[in-house]
Amino acid sequence: MKMRWYKVVVVPMLTVGLLLSPLTGISNTSISAAAAKNAESINLMVDGHKVKLSAPIYKENGVAMAPMKDLLDWLDVSSVLEKKSQTLIIRDSNITITMAIGKKEAIVNGKTMKIDTAAALKNDIPYVPIRFITEQLEGLVEWDKASNSVVVMSWYYLDYEENEESEGEEIALEKFSSAELVNMFDESVVMIMTNRGSGSGVVIGEDLILTNYHVIEDGTSATISTIYEDEIKVKGVVVANEEADLAIIRTEEPLDLLAVEFGYDYEARKGDRVYAIGSPQGLQNTVSTGLISNMAYEQGISYIQTNAQIDHGSSGGALFNEYGQLVGITTSGYDNSVADLNFAVSSYHAAMLFETITEENVNKAKFLTPSLPVTLVGAPLNDVQKLMKEEFSAVPTSDGEAKLTDWEVKRDSDGWLVFNANIDPVFYLYYGASSAAEMRLWSVNLSHELHAMLPDEKIQVVISFQRDYDFQPRNLKQEEVSSLGNNKWRVRYPVINIQFKDQLYIQTRI
């Protein structure tokens with residue numbers, strides 16, 4: 001899963017930037033008595049509920065403005081007014097919106113956007129433009145003339161509430177025990193082995209398997225293994241959706257396995273019990289159970305958060321509800337959490353992908369073009385250096401991405417290929433310790449990739465911390481601090497040192 005879990009870094013940095021910037025036109029915006037009186041009758045409806053307002057809604061230039069807390073508390077979104085900087089900070093799980101009182105602009109996930117009406121203060125109550133905020137949070141706003149109401153619908157209300165049966169009739173679904181469910185679908189989940197790694201997949205047709213995009217993306221060959229110990233070669237990828245991290249692959253021969261049916265009509269509610277089947281750490285068709293912990297939405301993709309345990313190798317596996325419905329494709333999780341924070345792509349996206357399959361897609365199934373070349377043997381060092389900049393510019397971690405810059409590749413006097421880069425010093429100082437395990441795993445993966453492309457080379461990769469200070473830092477080794485003149489000092493030392501040829505050595509300072 002390629003979810004960008006770096007939002008925790010955005011808020012403080014945005015706030016600091018705004019604190020250091022002068023704000024113009026900031027005042028406790030006054031609204032005319034006539035406008036306030038006219039607005040008192042405007043109601044706010046959020047997800048079908050009438051909101052009890054702490055202060056009346058008013059309109060400015062045709063834009064409806066609501067008390068920030070009244071709107072966002074009902075949307076289950078956190079918000080705060082930074083009084084010193086007169087700045088509003090609004091945070092959802094994957095969206096951060098920053099607005100300065102009186103300024104017709106907002107910063108959304110680091111991108112500056114112009115807005116028609118600025119956030120305002122009235123009697124020390126922060127007001128925000130209802131439509132702009134709701135739409136940035138992936139919701140919908142409508143005007144109900146009959147009730148004189150602004151009607152707000154959150155993304156999860158649109159996804160789940162409006163898809164219920166129009167007549168409100170509940171469909172009686174049969175619940176299965178864990179043993180019954182596994183008995184039905186165990187053979188429908190397979191293990192996928194590519195020339196790059198392993199994952200899981202779900203049988204959805206005679207010769208079709210649904211899996212994660214990242215399981216198959218760099219593979220040039222693959223084999224699936226069933227619980228009956230059959231091994232069947234994969235012909236290639238039929239269709240794929242990189243944004244949703246989904247792919248449907250075709251086997252070279254038909255599968256005599258039960259195909260899982262899936263579609264848009266399934267039960268997936270927060271608190272429901274679910275069952276995951278996959279091959280974590282290569283332990284084929286391991287079953288785990290848990291609850292739907294939450295729903296998440298990022299960049300147009302719906303995710304199911306669950307505490308059902310998954311691990312490396314579970315990617316592409318099945319997440320079933322108690323009724324035997326496929327509700328998600330297990331995708332990713334936090335490595336260093338005791339809370340079992342795991343995610344599955346909603347089956348909704350799998351159903352959409354399945355509908356795009358054509359006979360031509362099936363007949364022309366082939367492996368994707370790998371992001372990395374098969375070999376770098378004989379390649380100019382400038383080309384190798386360019387590849388490192390393009391493909392290894394960051395280390396993904398649960399705390400966000402640790403950017404890597406200033407890649408340099410050279411051959412030293414001993415014949416070693418030496419790769420040098422600098423890590424983002426701010427990320428390292430704040431999150432180096434908590435991300436240590438993930439950065440070490442990244443180092444192992446990097447060594448495997450480079451060894452595959454340059455199998456006969458002795459290679460050293462050095463990732464360094466480098467930062468300049470206007471004072472001389474103490475208690476460091478003499479060679480780690482150098483004077484730049486003009487009372488400036490540079491601190492530089494290696495934080496990851498990887499060396500390998502036929503064996504691997506890693507030294508870390510994280």
Side-chain angles (χ1 to χ4, degrees), residues 1 159-160 163-164 170-192 199-205 208-212 215 224-228 244-249 255 257-281 283-296 301-333 340-354:
M1 173 185 179
D159 276 2
Y160 298 103
N163 288 332
E164 292 183 348
E170 292 187 5
I171 300 175
L173 296 173
E174 180 184 1
K175 281 189 178 182
F176 299 100
S177 68
S178 56
E180 290 172 331
L181 191 142
V182 171
N183 185 55
M184 286 190 295
F185 295 115
D186 201 19
E187 70 172 27
S188 304
V189 181
V190 299
M191 183 164 66
I192 301 174
S200 304
V202 183
V203 178
I204 59 171
L208 299 177
I209 295 171
L210 174 66
T211 187
N212 281 143
V215 169
I224 67 110
S225 299
T226 74
I227 61 170
Y228 305 114
D245 196 16
L246 293 173
I248 295 175
I249 61 178
L255 303 166
L257 301 170
L258 175 67
V260 175
E261 296 182 4
F262 62 96
Y264 302 98
D265 186 21
Y266 55 87
E267 292 289 328
R269 300 167 302 184
K270 189 173 179 178
D272 281 351
R273 181 161 292 281
V274 286
Y275 300 89
I277 304 178
S279 300
Q281 301 292 345
L283 298 175
Q284 187 165 2
N285 284 42
T286 296
V287 181
S288 61
T289 185
L291 302 177
I292 293 180
S293 309
N294 214 336
M295 303 293 184
I301 308 301
S302 296
Y303 297 93
I304 295 173
Q305 180 186 332
T306 177
N307 61 358
Q309 294 179 335
I310 66 174
D311 206 334
H312 299 283
S314 297
S315 294
L319 189 69
F320 294 103
N321 63 12
E322 292 181 286
Y323 310 110
Q325 296 174 321
L326 183 72
V327 299
I329 307 301
T330 53
T331 299
S332 69
D340 289 328
L341 303 176
N342 302 310
F343 297 86
V345 179
S346 169
S347 288
Y348 171 86
H349 300 289
M352 290 182 64
L353 182 63
F354 186 76

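For this chain, numbers begin at 1 and follow the sequence in order. If you're wondering where the values come from, they're calculated on a predicted model, not measured in any experiment.
Between Tyr275 and Phe185, the ring centre distance reaches or exceeds 6.0 Å.
Within the 4.5 Å cutoff, side-chain heavy atoms of Met295 are placed close to those of Ile304. Within the 4.5 Å cutoff, no side-chain heavy atoms of Thr226 are placed close to those of Val203. A heavy-atom distance below 4.5 Å is not found between the side chains of Asp272 and Asn321. Put simply, the side chain of Leu257 reaches to within 4.5 Å of the side chain of Val190, judged on heavy atoms. For the pair Asn212 and Leu246, the minimum side-chain heavy-atom distance is below 4.5 Å. Within the 4.5 Å cutoff, side-chain heavy atoms of Lys270 are placed close to those of Asn294. In this structure the side chain of Ile292 never reaches within 4.5 angstrom of the side chain of Arg269, judged on heavy atoms. Within the 4.5 Å cutoff, side-chain heavy atoms of Phe320 are placed close to those of Leu326.
We find the CD-CG distance between Glu187 and Leu258 to be 5.5 Å, quoted to the nearest 0.5 Å. Once rounded to the nearest 0.5 Å, the distance linking CG of Asn342 with CG of Asp311 reads 8.5 Å. The CD atom of Gln325 sits 7.0 Å away from the CG atom of Asp265 when rounded to the nearest 0.5 Å. In this structure, the separation between OG1 on Thr289 and CG on Asn307 is 8.5 Å, given to the nearest 0.5 Å. Between the CD atom in Glu174 and the CD atom in Glu180 there is a gap of 7.0 Å [rounded to 0.5 Å]. Rounded to the nearest 0.5 angstrom, Met191 CE and Leu283 CG are separated by 9.0 Å.
Shortest non-hydrogen contact noted between Val345 and Ala244 is CG2-O, 3.3 Å. Closest heavy-atom contact between Ser200 and Ile192: O-CD1, 3.4 Å. Scanning all heavy atoms of the two residues, the minimum distance from Ile249 to Thr211 falls at CG2-CG2, 4.5 Å. Residues Gly328 and Ser347 approach most closely at N-OG, 3.1 Å, considering heavy atoms. Residues Tyr348 and Tyr266 approach most closely at N-OH, 3.3 Å, considering heavy atoms. Across all non-hydrogen atoms, the minimal contact from Ala350 to Leu210 is CB-CD2, 3.7 Å.
The neighbour count for Gln281 CD, taken as heavy atoms of other residues, nucleotides or ligands under 6.0 Å away, is above 12.
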